[in-house]
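Computation of the quantities below employed the complete heavy-atom set of this structure, encompassing side-chain atoms and omitting hydrogens, waters and symmetry-equivalent molecules. In what follows, chains carry the letters A, B, and so on, assigned in the order in which the sequence lines appear, proteins first and then strands, with residues in each chain numbered from 1. Keep in mind it's a predicted model, so treat the numbers as computed, not measured.
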There are 2 protein chains.
Amino acid sequence: MKDRAEARTLAGDAYAVIHRAIRSGLLKPGQRLRFADLQALCGMSVSPVREALVRLTAEGFTVSDDHRGFSVAPLSIAELLDIVGTRKLLEGEALRLSIEHGDSEWEGRLLAAHHVMSRLPRERDDLPTAIREDWDQRHADFHRTLISACRSPILIEMCEKLFVRADRYRRLSVSVPNQSRDVVCEHERIMTCALNRNADEAVAALKEHYQRTADAVERLFQDGAATE
Amino acid sequence: MKDRAEARTLAGDAYAVIHRAIRSGLLKPGQRLRFADLQALCGMSVSPVREALVRLTAEGFTVSDDHRGFSVAPLSIAELLDIVGTRKLLEGEALRLSIEHGDSEWEGRLLAAHHVMSRLPRERDDLPTAIREDWDQRHADFHRTLISACRSPILIEMCEKLFVRADRYRRLSVSVPNQSRDVVCEHERIMTCALNRNADEAVAALKEHYQRTADAVERLFQDGAATE
DNA sequence: GGCACCCACATTTTCGAAAATCCTACCCTC
DNA sequence: GAGGGTAGGATTTTCGAAAATGTGGGTGCC
């Protein structure tokens, strides 16, 4: 769930390393994961690696087959659509609650998060990885902040998990340089509606935002990006 | 998540044993979990026990503190209300989708699940544990069946996790013999509305059903059941 | 030729002990 | 007496090897 500051135990490191390897595509969907390889990758013994895999499995990034080990969870259009549909439901409701309960401190954090994000270059394939990761971080922060005042830790946790899970798919679509979308504008609209306490419109804008991302990735899938 | 058929590895056994111990109250909320004790309880070495705890932590039954081990997740009114609120949202939508997509085969399974449950004695404190567990099982099956046609595996999985998590609380309320509720009737109303494809009413009835359970447990909490 | 069985190999899972970390209580200094 | 540092013991975390299990191929039988 977290990624940074997750380094007090070796198992935490292993989790971070493998998680990153899966998101980055170093470990491909469906690929079998051998302990020997992962031990070499993480530079540690089998125990923490196994612990990391158990955690990743609980979060849907890997799948486990008793006595036959683990493999990277496959990607599919069906799962993408499922994730997006569920996110629209959960984050939509979380945003509505946030707008209902959020105070001016929340408004401030929201403005700040959006500002920082908008000042960074838009995600593009030709940018250095470090900058892309930076944008990803700010983008995640913005969406986190949106729902942070909903007063439901469980809802927040579920949204967080789905966000990271969806991220595997979103990364595919980044390699398409132009999608004739103005993502910055979409974010702005969500924020403005939220600040104006216009819950219905804010939620609608958020759902639209996710649906567009889903559509972009779906197009990509049909061009065969999933099979590689 | 599962409990039965989870026995192909020792770690799976450990998970089942500890999970059961937490739900039954043998391991109390907030209690520190020492490996030595759990190894004795499960009859195995540290590795599978640790794996079980990692999984339980991912599902919210235990909490982990780096280098300080694990403890049973505490119960609180706030969490109960959060769980119930989220369940109403998730299962409500899942039921709506199920009603939209379910075919006659689904209707059949729903009727069957309800029938089996209604023929069993109502859960009561004075009944033998085996019978109570049987009723619990059928009750869970009924609710599972309700949403089983929603076509969203993720939604189903989340509902399942919340159901089990809420179960820890629900078990507290069972010890109160009479709550002036007709649970059988509540279930029947949900089913009838669902079969009549009356989504709005079915969802409303389901949410009411959960809210009443929550209210019952909440009353219990205020009488100090949480502190023991 | 097809099918079942069995053996050797590859891999995961589990064990028992070593290493690392945390907590407690004590001592020393100020 | 208060604060800080430090050994000792308890506990978790990690390691490396042993045990258990799945896999693939070869052999013999029908």
Side-chain angles (χ1 to χ4, degrees), chain A residues 1-19 21-22 26-74, chain B residues 1-19 21-22 26-74:
Chain A
M1 203 167 342
K2 292 178 268 299
D3 206 315
R4 57 216 164 274
E6 178 107 43
R8 308 247 328 131
T9 66
L10 284 187
D13 289 343
Y15 174 86
V17 168
I18 300 173
H19 196 283
I22 290 177
L26 175 65
L27 301 173
K28 299 194 171 27
Q31 177 180 344
R32 172 113 184 258
L33 296 171
R34 284 188 193 74
F35 279 93
D37 301 340
L38 295 181
Q39 283 180 62
L41 178 67
C42 300
M44 59 188 72
S45 177
V46 63
S47 314
V49 170
R50 184 175 177 82
E51 177 167 335
L53 288 175
V54 169
R55 286 170 57 185
L56 287 165
T57 299
E59 292 173 12
F61 292 100
T62 53
V63 294
S64 108
D65 212 346
D66 281 345
H67 292 285
R68 267 185 289 179
F70 299 80
S71 51
V72 180
Chain B
M1 205 167 343
K2 291 177 269 297
D3 208 316
R4 55 214 166 277
E6 179 106 42
R8 306 246 333 127
T9 65
L10 284 188
D13 288 344
Y15 174 87
V17 168
I18 300 173
H19 196 283
I22 291 177
L26 176 65
L27 302 173
K28 299 197 170 22
Q31 177 179 345
R32 172 109 184 262
L33 296 171
R34 285 189 192 75
F35 278 93
D37 300 339
L38 295 181
Q39 282 180 63
L41 178 66
C42 301
M44 59 188 73
S45 178
V46 63
S47 315
V49 170
R50 185 175 177 83
E51 177 167 336
L53 289 175
V54 169
R55 286 169 59 185
L56 287 165
T57 298
E59 291 173 12
F61 292 101
T62 54
V63 294
S64 109
D65 213 346
D66 281 345
H67 292 285
R68 269 186 286 180
F70 299 80
S71 52
V72 180

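Closest to the side chain of B:His67, from the set D:dT14, C:dT14, C:dT21, is C:dT21. The side chain of B:Leu10 lies closest to C:dT14, out of C:dT14, D:dC15, C:dT12. With distances taken from any side-chain atom of A:Glu51 to the nucleotides D:dT14, D:dT13, C:dT11, the minimum falls on D:dT14. Checking D:dC15, D:dT13, C:dT13 against the side-chain heavy atoms of B:Val46 singles out D:dT13 as nearest.
At D:dT11, one or more side-chain N or O atoms of B:Arg34 fall inside 4.0 Å of OP1 or OP2 (strictly under the cut-off). Taking 4.0 angstrom as the limit, B:Arg8 places a side-chain polar atom (N or O) nearer than this to OP1 or OP2 of D:dG22. Between C:dC23 and B:Arg68, a contact under 4.0 Å exists linking OP1 or OP2 to a side-chain N or O. An OP1 or OP2 oxygen of D:dT12 is reached within less than 4.0 angstrom by no side-chain nitrogen or oxygen of B:Arg50.
The two atoms that bring B:Gly60 and B:Ala73 nearest to each other are O-CB, 3.5 Å, heavy atoms only. Here the shortest heavy-atom pairing between A:His67 and B:Arg8 reads NE2-O, 3.0 Å. In this structure, B:Arg55 and A:Val54 approach most closely via the heavy-atom pair CG-CG1, 3.2 Å.
Residue A:Leu33 is classed as a sugar-phosphate contact, given heavy-atom separations below 4.0 Å to backbone atoms only.
Between B:Leu10 and B:Asp13 there is a side-chain heavy-atom pair separated by less than 4.5 Å.
In this structure, B:Asp66 places its CG atom 13 Å from P of D:dT12, rounding to the nearest Å. Regarding B:Asp65, its CG atom lies at a distance of 13 Å from the C1' atom of D:dT11, rounded to whole Å. Rounded to whole Å, the distance from CG on B:Asp13 to P on C:dT13 is 14 Å. For B:Phe35 and C:dT14, the CZ to P distance is 15 Å, given to the nearest whole Å. At whole-Å resolution of the value, CG in A:Leu38 and P in C:dT11 are 13 Å apart. Computed from coordinates, the B:Met44 CE to C:dG16 P distance equals 12 Å when rounded to whole Å. Rounded to whole Å, the distance from CG on B:Leu53 to C1' on C:dT14 is 16 Å.
The 5' end of DNA chain C is approached more closely, in terms of each residue's nearest nucleotide, by A:Gly69 than by the other of A:Ser47 and A:Gly69.
Note that OG of A:Ser71 and CG of A:Asp65 are 7.0 Å apart. Values are rounded to the nearest 0.5 Å.
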